[in-house]
Amino acid sequence: MRASIRQENVYLSTSKHSCIFPFPQKTTPLPGTLLLPTVLNWSLSEESFGSTVRFFQERIGLSESPDFGKCHLAIEREVFSNPEGYRLRISTDGIYLGAGEAQGVFRALTVLSQLREGEIQAEGLSCIEIEDSPALARRGFMLDVSRCKVPSMKTILGLIDLLTELRFNEFQLYVEHTFAFDDHETVWRDASPLTGEEIREIDQYCKERFIELVPNLNSFGHFERWLMHEPYKHLAECPDGFRRENPYIVRDHGTTLKPNQQSLDFVDSLYSEYLPNFSSDKFNVGMDEPWELGQGWSKDEIDKRGKDKVYLEHLEGIRGLVEKHGKHMQFWADVLLEKPENASLLSPSASPIIWGYEANHPFPAQAEAISSCGLSYCLAPGTGTWRGFTGRWPNAKANLESAVKNATEHNADGILLTSWGDCGNHQPWAVLYPPLVYAAHLAWNGAPLNDSQISGYVSQMVFDCEQGNPAEAILEMGKLDEALGASLPNTSLPWFLLFAPKLDQLEKYLAKNQSEEQLKKALRFLDESRDALSEKSPSDEASLAIEEAKMGIDISIFAFEKTLAIIYGRKAEKSATPKSILQRYERVWLSRARPGGLPESMTVLEEGLNQSF
């Protein structure tokens with residue numbers, strides 16, 4: 001992976017300074033070329049920057065010079081309004097780096113590393129002056145590690161390397177049950193959970209790279225992984241299950257805790273074990289989508305006082321626990337935004353996260369409602385990868401642009417890009433890369449890019465090769481839904497076709513939105529997408545991404561062929577069998593993730609593949 005700071009990787013830029021990413025706010029070309037030896041002498045005027053500089057010693061080739069006047073790289077303190085701001089000037093006399101904080105030194109040395117690696121075959125570095133700081137102060141990424149897939153430590157640390165190079169400064173791992181709580185093995189036994197030791201290792205790894213690992217533990221809704229088990233059912237709003245129509249959900253167990261002191265005491269006991277593993281002073285407590293709230297234990301109270309009042313009271317109880325543990329509370333803002341005027345009732349220390357994953361999500365109105373109350377908050381767009389096999393790139397791109405635009409216009413702290421794993425986490429890992437790279441650019445630089453530029457930067461930042469590079473093909477296959485005119489919320493069309501719960505639901509959707517000819521067009525599109533992927537690549541990361549992308553394409557082809565056979569009586573081509581798909585799926589899963597959760601994910605996929613109505 002191009003982004004690894006732990007090992008040298010080389011990208012040969014095709015034009016001067018194109019190896020810098022995200023691109024700086026201001027660059028000024030200077031005359032000449034700086035010829036550099038293999039080892040660069042460096043010196044500091046600010047000793048507190050020393051450990052940050054030494055972090056890059058091997059990557060850049062640095063040797064500390066005792067003589068400040070005769071060094072190749074001079075690092076000095078310079079006043080910037082933004083702690084990540086820096087100035088990097090490469091002239092024929094040497095390299096000057098000015099920054100006000102260690103974060104700025106780190107960002108500048110990352111750029112210098114990219115320049116040196118990008119021009120490694122040249123005689124020296126082209127002279128340039130860069131003055132830079134981020135468009136958004138908060139540039140976060142959240143990965144769902146609760147919906148079946150818990151990545152291996154190698155995968156997590158590799159992802160952090162990429163986030164570092166992309167200049168993210170916040171990372172969250174979304175947890176419902178995938179932490180190895182001492183007294184709750186019943187909940188996580190088959191999940192291959194993260195341990196406290198692993199969290200502490202991840203936390204330290206992030207800190208060294210100026211990324212804040214913010215703890216994330218859902219604390220109210222989405223609690224089904226606990227409440228399905230007998231020892232915890234007494235904590236549920238609806239211990240025997242519930243039904244609701246919009247969205248349609250039927251469960252034989254609860255998903256939401258009672259909004260009472262007993263629940264607060266229980267989650268406090270979890271906090272006491274979970275939070276000490278994190279050095280961050282922030283904590284995302286979730287609190288989203290309490291689906292059945294008001295149907296069970298709290299019905300009378302909610303009928304009397306209103307859902308919003310009961311929810312806010314419980315949220316305030318959670319905030320008290322969070323602050324008892326020395327943290328500041330972040331929470332998902334969906335319930336709050338049902339009555340936006342309630343934002344004025346929140347404590348100033350509460351920080352809402354406005355999430356929305358469609359191109360037309362009403363970020364402007366929602367951001368204005370929260371911003372007007374003076375709260376610290378951020379916007380959370382999505383990668384558009386979950387509940388799909390090829391991604392929904394045009395939707396994700398527009399969603400990202402809207403989130404960054406509105407974060408800027410409405411004084412948000414920044415963005416938290418989310419990558420969920422709803423309903424089995426079946427999406428190929430590689431389809432994450434285009435939205436991740438583009439979000440990094442928008443959050444740092446602010447200016448939009450076209451698809452060609454984005455695929456070029458995915459090539460640069462993720463893959464080590466020019467031949468057999470799958471970046472463009474991965475981005476293009478994410479345009480499947482757009483090519484068919486499909487716009488299912490939070491879902492890609494082939495995923496819907498594979499998992500549609502009822503035949504009449506499938507028939508109704510197709511009659512209104514898709515013709516037989518359009519489904520055949522989808523097969524042609526997917527065949528072309530598959531042909532665009534190389535058979536081989538000299539890069540391990542590219543080879544794995546190609547395998548993942550082909551698997552996603554083949555599952556999509558199967559979904560369209562199955563639909564044509566069921567609805568239109570067209571003989572299935574049988575380009576793949578359920579057995580062969582599942583065998584490949586298992587192999588690809590284990591290349592990046594732990595075995596826990598795989599049987600559940602495969603069972604869901606197998607049911608969809610074999611569904612005949």
Side-chain angles (χ1 to χ4, degrees), residues 21-22 141 143-144 162 166 356-361 363 380-405 415 417-422 425-443 447-463 469-497 518 521-522 524-533 542 545-546 548-557 559-560:
F21 188 85
F141 176 63
L143 180 68
D144 186 346
L162 178 57
L166 295 174
Y357 311 128
E358 298 303 313
N360 61 352
H361 186 80
F363 281 134
T383 59
T385 53
W386 60 95
R387 289 167 62 97
F389 309 114
T390 59
R392 294 192 298 144
W393 168 244
N395 179 82
K397 183 182 181 185
N399 180 232
L400 289 169
E401 291 171 347
S402 174
V404 171
K405 178 177 183 289
I415 63 167
L417 176 65
T418 59
S419 183
W420 297 101
D422 296 25
N425 217 321
H426 297 116
Q427 66 267 24
W429 178 275
V431 298
L432 164 71
Y433 291 135
L436 183 68
V437 168
Y438 191 38
H441 168 81
L442 287 171
L449 298 175
N450 62 41
D451 284 359
S452 177
Q453 291 171 312
I454 294 165
S455 64
Y457 283 124
V458 173
S459 299
Q460 174 180 330
M461 303 307 296
V462 178
F463 303 116
N469 190 317
E472 183 177 0
I474 290 171
L475 186 147
E476 289 298 319
M477 77 186 205
K479 299 178 181 180
L480 171 63
D481 285 72
E482 180 185 60
L484 300 174
S487 57
L488 289 158
N490 217 30
T491 305
S492 183
L493 179 58
W495 191 93
F496 171 75
L497 297 179
Q518 283 177 295
K521 178 183 177 182
R524 293 192 295 271
F525 180 100
L526 290 165
D527 284 339
E528 291 171 2
S529 297
R530 206 180 198 289
D531 290 343
L533 291 161
I546 289 168
E548 291 170 330
K550 287 181 176 179
M551 183 192 69
I553 288 170
D554 289 347
I555 296 175
S556 299
I557 288 173
F560 284 107

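The figures here come from the full heavy-atom set of this structure, side chains too, leaving out hydrogens, waters and symmetry mates. We're numbering straight along the sequence, starting at 1.
Contact check for Val462 versus Leu436: no side-chain heavy atoms found under the 4.5 Å cut-off. Inter-residue side-chain proximity for Val458 and Phe463 is flagged as met; some heavy-atom pair is nearer than 4.5 Å. Within the 4.5 Å cutoff, no side-chain heavy atoms of Gln460 are placed close to those of Val437. Between Trp495 and Asp422 there is no side-chain heavy-atom pair separated by less than 4.5 Å. At a threshold of 4.5 Å between non-hydrogen side-chain atoms, the residues Asn399 and Phe363 count as touching.
The salt bridge (Lys or Arg N to Asp or Glu O under 4.0 Å) search around Asp451 returns Lys397, Lys479, not counting sequence neighbours. Not a single salt bridge (Lys or Arg N to Asp or Glu O under 4.0 Å) links Glu472 to another residue, sequence neighbours left out.
In this structure, Ser529 contributes its side chain and Phe525 its backbone to a donor-acceptor pair below 3.5 Å. Using modelled atom types, no side-chain atom of Asn469 and backbone atom of Ala542 make a donor-acceptor pair closer than 3.5 Å. When atom types are taken as modelled, the side chain of Thr418 and the backbone of Phe141 share no donor-acceptor pair closer than 3.5 angstrom. Judged purely by atom type and a 3.5 angstrom limit, Asn395 uses its side chain to pair as donor or acceptor with the backbone of Ala359. A distance-only check finds no donor-acceptor pair linking the side chain of Gln427 to the backbone of Gly384 [under 3.5 Å]. One N or O on the side chain of Tyr438 and one on the backbone of Leu449 form a donor-acceptor pair closer than 3.5 Å. Judged by distance alone, the side chain of His441 and the main-chain N or O of Ala447 form a donor-acceptor pair under 3.5 Å. A donor-acceptor contact shorter than 3.5 Å links the side chain of Asp481 to the backbone of Leu493.
Gly391 and Ser492 make their closest contact through O-OG, 4.4 Å (heavy atoms, listed as atom of the first residue, atom of the second, distance). Closest heavy-atom contact between Ala522 and Leu484: CB-CD1, 3.6 Å. Taking every heavy atom of both residues into account, Ala443 and Val404 meet most closely at N-CG2, 4.4 Å. Leu417 approaches Ala439 most closely through the heavy-atom pair CD2-CB, 3.7 Å. Considering every non-hydrogen atom in both Pro428 and Val431, the closest pair reads O-CG2, 3.0 Å. Closest approach of Pro494 and Phe560 over heavy atoms only: CB-CE1, 3.9 Å.
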Practice problem: Let me see the working for Leu488 and Arg392 under side-chain contact (heavy atoms from CB on, under 4.5 Å), right down to the final yes or no. | Solution: CA-CA 10 Å; Leu488 289 158; Arg392 294 192 298 144; over 6 Å; no

Practice problem: Would you please test Leu442 and Ile415 for side-chain contact (heavy atoms from CB on, under 4.5 Å) and show each step? | Solution: CA-CA 10 Å; Leu442 287 171; Ile415 63 167; over 6 Å; no

Exercise. Applying side chain to side chain donor-acceptor pair (under 3.5 Å), run through Thr491 and Arg387 and close with a yes or a no.
Key: CA-CA 5 Å; Thr491 305; Arg387 289 167 62 97; 2.9 Å; yes

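Residue Trp386 is tested with Asp144, Asn425, Asn490 for a side-chain hydrogen bond (donor to acceptor under 3.5 Å, both in side chains); the sole match is Asn490. Between Thr390 and the choices Leu480, Ile474, Ile555, the side chain to side chain contact (heavy atoms under 4.5 Å, CB included) rule is met once, by Leu480.
With values rounded to the nearest 0.5 angstrom, Thr385 atom OG1 is found 11.5 Å from Trp393 atom CH2. The CG atom of Leu166 sits 6.5 Å away from the CZ atom of Phe21 when rounded to the nearest 0.5 Å. Leu526 contributes atom CG, which lies 14.0 Å from atom NZ of Lys550 (distance to the nearest 0.5 angstrom). Put simply, OG on Ser402 and CD on Glu358 are 11.5 Å apart, with the number rounded to the nearest 0.5 Å. Between atom CG of residue Leu475 and atom OG of residue Ser455 there is a gap of 6.0 Å, rounded to the nearest 0.5 Å. Of the inter-residue distances, the one linking Leu143 atom CG with Trp420 atom CH2 reads 10.0 Å to the nearest 0.5 angstrom.
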